[in-house]
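These values consider heavy atoms only, across backbone and side chains, with no hydrogens, waters or symmetry-generated copies. All figures in this text were calculated on a predicted structure; none of them were measured in a lab.
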Amino acid sequence: MTGADVRAAAVGAITRGTGPVPVELDKLVRRPATWVLATVWIVLGLVFGYLLPYLSFRGGTFGPATGGPSAEAVLAEALPASLSTTAVQGYPVFAGALALVLGALCTGSEYGWDTMKVLLTAGPSRNAVVVGKLVALCAVLGALVVASYAFDTAGALTVALVESRAAEWPGAQDLLVSAAAGWLVVTMWALAGALLGALTRGTAVAIGLGLVWSLAVENLVRGFAGVLPAADALQRFLPGTNAGSLIAALPTAGPGPVDSPGVVPVVSGTHALIVLLAYVAGFAALTLTLVRTRDVA
């Protein structure tokens, strides 16, 4: 979607009275980058949640001497009973990183296209523009979570059929709690990306800073947590640590994710939930304040 398309959408929406949220939803859905990120998200979920565990089960080496999980534990991860945990095991790392990129694109690209001035001067208030963007971003993430669960359901059912295992599914409550937790995790990262996009008035630096933080800085802090009490105290309030702890606290009918990167119960599920909600509110408020108070030049 080009800058001219954004201008036309903004002005057209104002004259039709459709409001910022439908316009932002339309823009996000029409952007090729959204579909690319969604495809990568779903493919990675299927590969790491179902394909690799199944291939490991069929051709891996197991037993007490290996020090790893048993063959049945690896297979159980890819069966329907573990859907509520397997479907979100990658959210703290790769899905969170993709959501951060989408958030940065949602706000930062407006500056690159030189369309932010149009959005803020053509009719809606600054509050309405920013809230519209963030609400649309959260809605798109919700749709992506639902879509990923649908594909993961198909992957789990395929593994069960190939191995002639019973298709026992987790309860509806477990699935809802799991999906809500996953949505909260990716929403937190997406709003962090949106804040960085507005702060840097672009996408490249925002995405770079966000990925360096989520994939490098947090790992360094966690690495020193075992030897430095200050690092241990700090990691308990980091977004990535709490995202992984929330996913680790999910109830499961199976053995749970096997060696999932980032999914470590450093803090309790309640602690992680409170911290993530605080980050969501804080990132949204900071983005709104930044756009409201800063000149758009």
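- Residues Cys138 and Thr187 approach most closely at SG-CG2, 3.7 Å, considering heavy atoms.
- Annotation for Ala179 and Val145: closest pair O-CG1, 4.0 Å, computed over non-hydrogen atoms.
- Counted by atom type alone, Thr200 and Tyr111 present zero donor-acceptor pairs between their side chains at under 3.5 Å.
- Side-chain N or O atoms of Glu218 include one that pairs as donor or acceptor with a backbone N or O of Gly240 at under 3.5 Å.
- Note on Phe94: it clusters hydrophobically with Val47, by side-chain heavy-atom contacts below 4.5 Å among ILVMFWY residues.
- Remark: Thr289 pairs with Thr293 by the side-chain contact (heavy atoms from CB on, under 4.5 Å) rule, at least two apart or across chains.
- Residues in residues 177-187 take part in no salt bridge (charged side-chain N to carboxylate O under 4.0 Å, His left out) pair, two or more places apart or across chains.
- Of all heavy-atom pairs spanning Ile247 and Val88, the tightest one is CG2-O, 3.7 Å.
- Judged purely by atom type and a 3.5 angstrom limit, Trp189 has no side-chain atom pairing as donor or acceptor with the backbone of Gly103.
- Residue pairs meeting the salt bridge (charged side-chain N to carboxylate O under 4.0 Å, His left out) criterion with at least one member in residues 84-93: none, sequence neighbours excluded.
- Contact between Ile42 and Ala147 at its shortest, heavy atoms only, is CD1-CB, 4.3 Å.
- Nearest heavy atom pair, residue Val291 against residue Ala198, reads CG2-CB, 4.3 Å.
- Closest approach of Ala139 and Leu25 over heavy atoms only: CB-CD2, 3.9 Å.
- In terms of the side chain to side chain donor-acceptor pair (under 3.5 Å) criterion, Ser214 has no residue partners (sequence neighbours excluded).
- In this structure, the side-chain contact (heavy atoms from CB on, under 4.5 Å) partners of Ser268, at least two apart in sequence or on a different chain, are Thr270, His271.
- For Thr86 (side chain) and Glu77 (main-chain N/O), a donor-acceptor pair under 3.5 Å exists by modelled atom type.
- Applying the salt bridge (charged side-chain N to carboxylate O under 4.0 Å, His left out) test to Arg165 and every residue at least two apart in sequence or in another chain returns Glu72.
- Looking at residues two or more places apart in sequence or on another chain, you find a ring pair (Phe, Tyr, Trp, His ring centres under 6.0 Å) between Tyr279 and Phe283.
- In the hydrophobic cluster analysis, where Ile, Leu, Val, Met, Phe, Trp and Tyr join through side-chain heavy atoms closer than 4.5 angstrom, Val146 is grouped apart from Leu98.
- Alongside Val267, the hydrophobic cluster contains Val264, Val266 (criterion: ILVMFWY side chains under 4.5 Å).
- No donor-acceptor pair closer than 3.5 Å links the side chain of Ser82 to the backbone N or O of Ala78.
- Val29 belongs to a hydrophobic cluster with Trp35, counting contacts under 4.5 Å between side-chain heavy atoms of Ile, Leu, Val, Met, Phe, Trp and Tyr, direct or through other members.
- In this structure Ala225 satisfies the side-chain contact (heavy atoms from CB on, under 4.5 Å) test together with Asp232, Gln235, sequence neighbours excluded.
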Exercise for review: Decide yes or no on side-chain contact (heavy atoms from CB on, under 4.5 Å) for Val280 and Leu184, but give the supporting numbers first.
Suggested key: CA-CA 8 Å; Val280 167; Leu184 178 60; 3.8 Å; yes
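- In this structure Ala248 satisfies the side-chain contact (heavy atoms from CB on, under 4.5 Å) test together with Val263, Pro265, sequence neighbours excluded.
- Here the side chain of Lys133 pairs a donor or acceptor atom with the backbone of Cys106 at under 3.5 angstrom.
- Not a single side chain to side chain donor-acceptor pair (under 3.5 Å) links Ser245 to another residue, sequence neighbours left out.
- Within a 6.0 Å sphere centred on CZ of Phe151, other residues, nucleotides and ligands contribute 12 heavy atoms or fewer.
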